[in-house]
Amino acid sequence: MKKQYVFILSSLALVAGGLLIYFAPDLSSYFFSQTPSFKPQTPLITKEFSFSSQVLIRHKGQKDFFPLQTTDGIYHLDTLMIPSKASLEIAFKSGYRVQILSESKIILEYWDEEDPGSPVYIHFVQGDYRTLKTGIVGQLY
């Protein structure tokens, strides 16, 4: 009888240990989730934006998406995901102001990364936009 209890307890300990190892990355990210510090390696496109709900951003070289903060900047080759029931308004140096609608995924890039005055391209992986204000012709595509 005692051997059965030892066997059951050791089996439960093995299963609990296996579950702990399996869920360890998720648990650690749940309890210690932080947006990693980002040191820009690419030119800044804009710091003028607003959003209606949580928008996700992935900077060039990062693996995961993180919530966009109002203190962040949007840089060359950043990818932005706008979930349902959210929108993102971006103001560009050229005077353009664009609203990226919900269910969109975009990549922003300069035509010439070395020239911060060069045109900005918005690549739509999916979704749509609305122009709120026009700016200098030929500076936003």
Side-chain angles (χ1 to χ4, degrees), residues 2-141:
K2 188 175 182 180
K3 287 184 179 181
Q4 287 178 332
Y5 288 122
V6 170
F7 176 75
I8 290 172
L9 287 176
S10 63
S11 297
L12 286 174
L14 284 172
V15 169
L19 288 172
L20 183 64
I21 290 170
Y22 180 76
F23 289 109
D26 294 329
L27 290 173
S28 65
S29 66
Y30 177 77
F31 288 110
F32 305 110
S33 65
Q34 284 183 297
T35 304
S37 61
F38 171 70
K39 294 181 177 65
Q41 303 293 321
T42 57
L44 177 70
I45 290 180
T46 187
K47 281 189 156 263
E48 295 182 47
F49 57 85
S50 62
F51 45 90
S52 61
S53 185
Q54 187 178 57
V55 172
L56 301 174
I57 188 167
R58 181 178 63 206
H59 298 292
K60 179 184 176 185
Q62 287 184 325
K63 180 180 170 187
D64 298 318
F65 283 88
F66 298 97
L68 180 65
Q69 305 294 321
T70 55
T71 57
D72 289 343
I74 299 174
Y75 295 87
H76 174 71
L77 294 178
D78 279 357
T79 303
L80 294 140
M81 285 182 20
I82 296 85
S84 62
K85 300 179 183 171
S87 67
L88 170 68
E89 285 187 20
I90 306 172
F92 297 94
K93 297 174 201 169
S94 62
Y96 278 95
R97 187 168 194 84
V98 176
Q99 180 183 31
I100 311 298
L101 303 177
S102 65
E103 302 284 333
S104 294
K105 183 176 181 181
I106 63 168
I107 301 169
L108 292 168
E109 75 168 305
Y110 279 120
W111 181 76
D112 180 3
E113 182 179 356
E114 303 297 319
D115 179 13
S118 75
V120 175
Y121 287 87
I122 304 175
H123 300 277
F124 277 84
V125 177
Q126 71 180 41
D128 204 1
Y129 72 97
R130 191 172 66 183
T131 303
L132 302 175
K133 183 181 172 198
T134 58
I136 300 170
V137 175
Q139 289 295 302
L140 183 67
Y141 294 97

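When the shell of 6.0 Å around CD of E48 is examined, it contains 12 or fewer heavy atoms from other residues, nucleotides or ligands.
Judged by distance alone, the side chain of T46 and the main-chain N or O of A91 form a donor-acceptor pair under 3.5 Å.
Contact between S53 and A86 at its shortest, heavy atoms only, is CB-CB, 3.5 Å. Between K105 and M81, the shortest heavy-atom contact is CG-CG, 3.8 Å. The two residues S52 and S87 have their closest heavy-atom pair at OG-N, 2.9 Å. Taking both residues in full, the closest heavy atoms of S102 and P83 are given as CB-O, 3.4 Å, listed atom of the first, atom of the second, then distance.
The closest side-chain heavy-atom distance from L101 to E103 is not below 4.5 Å. You'll find the side chain of Y96 stays beyond 4.5 Å of the side chain of I90, heavy atoms only. At a threshold of 4.5 Å between non-hydrogen side-chain atoms, the residues L80 and I74 count as touching. In this structure, the side chains of D72 and F66 stay at 4.5 Å or more apart for every pair of heavy atoms. Under the 4.5 Å side-chain criterion, counting only non-hydrogen atoms from C-beta, V98 is in contact with I100. In this structure, L68 and F51 have side chains that are in contact, with non-hydrogen atoms separated by less than 4.5 Å. Side chains of H59 and Y75 form a contact here, defined as non-hydrogen atoms less than 4.5 Å apart. When side chains are defined from C-beta on, E89 counts as touching S50, because their heavy atoms get closer than 4.5 Å.
Among residues two or more places apart in sequence or in another chain, the ring pair (Phe, Tyr, Trp, His ring centres under 6.0 Å) test is passed with F49 by none.
In this structure, NZ in K47 is found 9.5 Å from OG1 in T70, a value given to the nearest 0.5 Å. Rounded to the nearest 0.5 angstrom, Q99 CD and R130 CZ are separated by 4.0 Å. With rounding to the nearest 0.5 angstrom, the CG atom of L140 is 13.0 Å from the CZ atom of R97. Atom CG in L56 sits 10.5 Å away from atom CG in D64 (nearest 0.5 Å).
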Solution key, residues 106-113 side-chain donor-acceptor pairs under 3.5 Å, sequence neighbours excluded:
{"from": "E109", "atom 1": "OE2", "to": "H123", "atom 2": "NE2", "distance (Å)": "2.5"}
{"from": "Y110", "atom 1": "OH", "to": "L44", "atom 2": "O", "distance (Å)": "2.7"}
{"from": "Y110", "atom 1": "OH", "to": "K93", "atom 2": "NZ", "distance (Å)": "3.1"}
{"from": "D112", "atom 1": "OD1", "to": "E114", "atom 2": "N", "distance (Å)": "3.1"}

